[in-house]
Amino acid sequence: MLDSKLLRADLDTIAAKLAGRGFKLDTATFNALEDERKKLQVRTQELQSERNTRSKSIGQAKARGEDIQPLLAEVGQLGAKLDLAKEELSVLLAKIDHILSAMPNIPDASVPSGDNEDDNVEIRRWGTPREFDFDIKDHVDLATALDKGLDFESGAKLSGTRFVVIKGQMARLNRALGQFMLDLHTDNHGYTEANVPLLVNHDSLYGTGQLPKFSEDLFHTDLGSKKFSLIPTAEVPLTNLVRDEIVDEAELPIKYSALSSCFRSEAGSSGRDIRGLIRQHQFDKVELVQLVKPETSFAALDELTGHAEKVLQLLELPYRTVILCTGDIGFSAMKTFDIEVWLPAQNTYREISSCSNMGDFQARRMQARYRNKATKKTELLHTLNGSGLAVGRTLVAVLENYQQADGTILVPEVLKPYMGGLTQLG
RNA sequence: GGUGAGAUGGCUGAGUGGUCGAAAGCACCGGUCUUGAAAACCGGCAUGGGUUUGUAGCCCAUCUAGAGUUCAAAUCUCUAUCUCACCGCCA
């Protein structure tokens with residue numbers, strides 16, 4: 001959510017910035033609604049004020065033992081007018097709020113402008129893709145050959161398309177990856193481990209920006225009065241930990257990490273990435289979340305991105321980091337770095353992490369604040385998150401990059417402590 | 001699932017339908033005192049919004065949330081949510 005005060009003050013500038021990321025803001029409509037709001041709100045508050053004053057004088061008259069009947073008659077009509085004005089105002093405010101809550105964040109000035117992912121800018125590369133002297137296989141063929149370690153048929157039988165059963169050594173490797181990542185972030189990067197609910201309420205989803213606009217990307221449950229949704233990322237529960245909180249400045253930055261399953265309906269991507277583990281309805285991910293003071297958030301983004309990259313460095317998987325352009329950046333983000341891992345079978349880099357600074361966008365929705373010691377005021381936090389990393393896609397990367405001519409897979413050095421003596425799959 | 005008790009500011013905790021945005025204490029901030037600190041004493045201290053050049057003033061809202069009764073609701077009624085206790089069920 002953008003700052004409505006800022007919107008009123010500088011609508012055209014903001015509209016121009018949002019246009020750069022492909023969002024059209026109808027400024028004429030917005031201005032008209034805003035003018036009406038101002039009039040209505042002032043009038044409503046005046047009526048309210050008058051009624052309060054009169055009610056108070058009735059109380060005083062009664063205390064003095066005077067006859068209050070004439071006073072009651074006077075206030076009667078006032079109440080009706082007030083109710084009407086309140087009703088009108090709430091309808092109007094709901095309308096404005098609807099527009100506001102569907103508006104994306106403003107990209108930071110350092111974000112390159114562009115229309116889509118083709119305009120993203122590579123900012124660094126790490127590692128050198130390995131040369132293979134044999135015909136390489138993709139992760140599906142590799143895993144299938146290894147005792148059907150990735151069992152897509154069973155996934156389809158149990159649940160449907162985009163579900164998988166991971167078995168045997170492959171399951172062990174998957175678990176090792178998650179454990180390794182979580183240990184790295186908690187032991188070395190200063191994050192507090194959290195085990196979070198996978199089902200969350202709508203308030204939480206609104207807080208991080210999934211609702212109301214992206215409802216169709218989620219899986220929803222509906223048990224009578226209880227409405228939950230499966231989390232699309234642990235960013236939702238982790239970030240919402242500070243919803244409606246005023247935290248002490250001394251506690252900042254707050255850093256959380258969680259290994260969780262994530263659930264996405266992939267509503268808009270039928271036909272895309274159908275093969276393999278790349279795009280599933282359910283996958284594991286280690287998430288990094290930071291809650292920081294506003295002036296430190298961009299430095300925190302660099303730090304957090306570094307934490308995610310460290311995972312790939314330790315796994316010795318080549319990657320590159322790109323900065324998303326204005327046309328490709330996510331709804332709630334001011335600035336985003338994507339980390340893309342090298343996948344030999346696709347002969348390309350594929351997204352494995354997305355690290356974003358949301359500024360105060362989510363914090364405003366959540367009313368997540370801290371007390372500024374210098375100004376003594378409460379101020380909105382800045383929130384950041386990033387994958388550190390998506391476990392399924394990392395599994396793909398390990399399989400494809402560590403494959404041998406005979407179809408076996410070498411276990412990366414850093415994972416060996418987690419593999420119970422196994423140094424090679426197959 | 002059943003029964004009962006609750007939900008008040010950063011925290012604890014008062015609050016007969018009418019100057020209650022809310023006592024008191026703690027925490028916090030400032031001051032006096034002190035070589036310094038503590039203690040003591042004095043003072044300050046909620047949030048969101050509107051109006052406005054204004055971090056001034058004035059106004060509105062907020063005592064879990066939503067409806068309702070009333071001229072007037074923290075206070076009365078209903079519903080929901082959550083918390084606690086006991087019973088039942090359960091990994």
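So you know, we letter chains A, B, ... as the sequences are listed, proteins then strands, and number each from 1.
- With rounding to whole Å, A:L47 atom CG is found 15 Å from B:C71 atom C1'.
- Sorted by first and then second residue, the ring-ring contact (aromatic ring centres under 6.0 Å, His included) pairs involving residues 258-317 of chain A (not counting sequence neighbours) are A:F163-A:H281, A:H189-A:H307, A:Y191-A:H307, A:F219-A:H281.
- When the C1' atom is compared between B:U16 and B:A73, the two are found 14 Å apart, to the nearest whole Å.
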Give each protein N/O atom lying under 3.5 Å from an N/O atom of nucleotides 65-69 of chain B, with the pair distance.
none

Tell me, for nucleotides 47-63 of chain B in 5' to 3' order, what letter each nucleotide earns: B for a base near a protein heavy atom under 4.0 Å, S for only sugar-phosphate near one, - for neither? SSBSS-------BSS--
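- A salt bridge links A:R279 to A:E266: one of the charged nitrogens lies within less than 4.0 Å of a carboxylate oxygen.
- Applying the side chain to side chain donor-acceptor pair (under 3.5 Å) definition to pairs two or more places apart or across chains, those involving residues 84-109 of chain A are A:D108-A:S110.
- Among residues two or more places apart in sequence or in another chain, the salt bridge (Lys or Arg N to Asp or Glu O under 4.0 Å) test is passed with A:D141 by A:R275.
- Rounded to a whole angstrom, the distance from the P atom of B:A7 to that of B:U75 is 12 Å.
- Residues meeting the side-chain contact (heavy atoms from CB on, under 4.5 Å) test with A:D26, sequence neighbours left out: A:A28, A:T29.
- Spacing of C1' atoms, B:G10 relative to B:G44, comes out at 16 Å, to the nearest Å.
- A search for side-chain contact (heavy atoms from CB on, under 4.5 Å) contacts involving A:V414 returns A:F180, A:L314, A:L315, not counting sequence neighbours.
- Annotation: B:U70 and B:G43 have their P atoms spaced 45 Å apart (nearest Å).
- Residues A:C325 and A:D115 approach most closely at SG-N, 4.2 Å, considering heavy atoms.
- Separating the NZ atom of A:K227 from the C1' atom of B:A80 is a distance of 13 Å, rounded to the nearest angstrom.
- Here B:A7 presents its C1' atom at 15 Å from CG of A:D244, a figure rounded to the nearest Å.
- When both distances must be under 3.5 Å, the Watson-Crick or G-U wobble mate of B:G36 does not exist.
- Searching all strands for a Watson-Crick or G-U wobble partner of B:G18 with both distances below 3.5 Å returns B:C71.
- Taken to the nearest 0.5 Å, the NZ atom of A:K255 stands 11.5 Å off from the OG1 atom of A:T186.
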Just the atom pairs and distances: protein N or O near nucleotides 15-21 of chain B's N or O, under 3.5 Å.
from: B:G18; atom 1: O6; to: A:K62; atom 2: NZ; distance (Å): 3.0
from: B:G18; atom 1: N2; to: A:S55; atom 2: O; distance (Å): 2.8

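- Pair check for B:C63 finds none; no Watson-Crick or G-U wobble contact set falls under 3.5 Å.
- If you take atom P in B:A74 and the same atom in B:C63, they sit 6 Å apart, rounded to whole Å.
- Base pairing of B:U53 is not made with any nucleotide, judged by Watson-Crick or G-U wobble geometry with both donor-acceptor distances under 3.5 Å.
- Each side chain to side chain donor-acceptor pair (under 3.5 Å) pair with one or both residues in residues 323-332 of chain A, not counting sequence neighbours, appears once here: A:N120-A:D328.
- Among pairs with a residue in residues 12-21 of chain A, those fulfilling side chain to side chain donor-acceptor pair (under 3.5 Å) read A:D10-A:T13, at least two apart in sequence or across chains.
- A:H202 has its NE2 atom 14 Å from the C1' atom of B:U81, to the nearest Å.
- Nucleotide B:U64 holds its C1' atom 14 Å from the CG atom of A:N201, rounded to whole Å.
- Looking at residues two or more places apart in sequence or on another chain, you find no ring pair (Phe, Tyr, Trp, His ring centres under 6.0 Å) involving A:Y256.
- Pairing of B:C84, defined by two Watson-Crick or G-U wobble distances under 3.5 Å, is identified with B:G4.
- For A:R350 and A:D273, the salt-bridge test passes: some basic side-chain N is under 4.0 Å from an acidic carboxylate O.
- Nucleotides B:G57 and B:A22 place their P atoms 16 Å apart, quoted to the nearest Å.
- Annotation: B:C11 and B:G4 have their P atoms spaced 30 Å apart (nearest Å).
- Remark: P of B:C11 and CG of A:D248 are 12 Å apart, rounded to the nearest angstrom.
- Applying the ring-ring contact (aromatic ring centres under 6.0 Å, His included) definition to pairs two or more places apart or across chains, those involving residues 353-380 of chain A are A:F331-A:F361.
- Only the C1' atoms considered, B:A23 is 10 Å distant from B:G13, to the nearest whole Å.
- As the counterpart of B:A23, no nucleotide is assigned, since no Watson-Crick or G-U wobble pattern has both distances under 3.5 Å.
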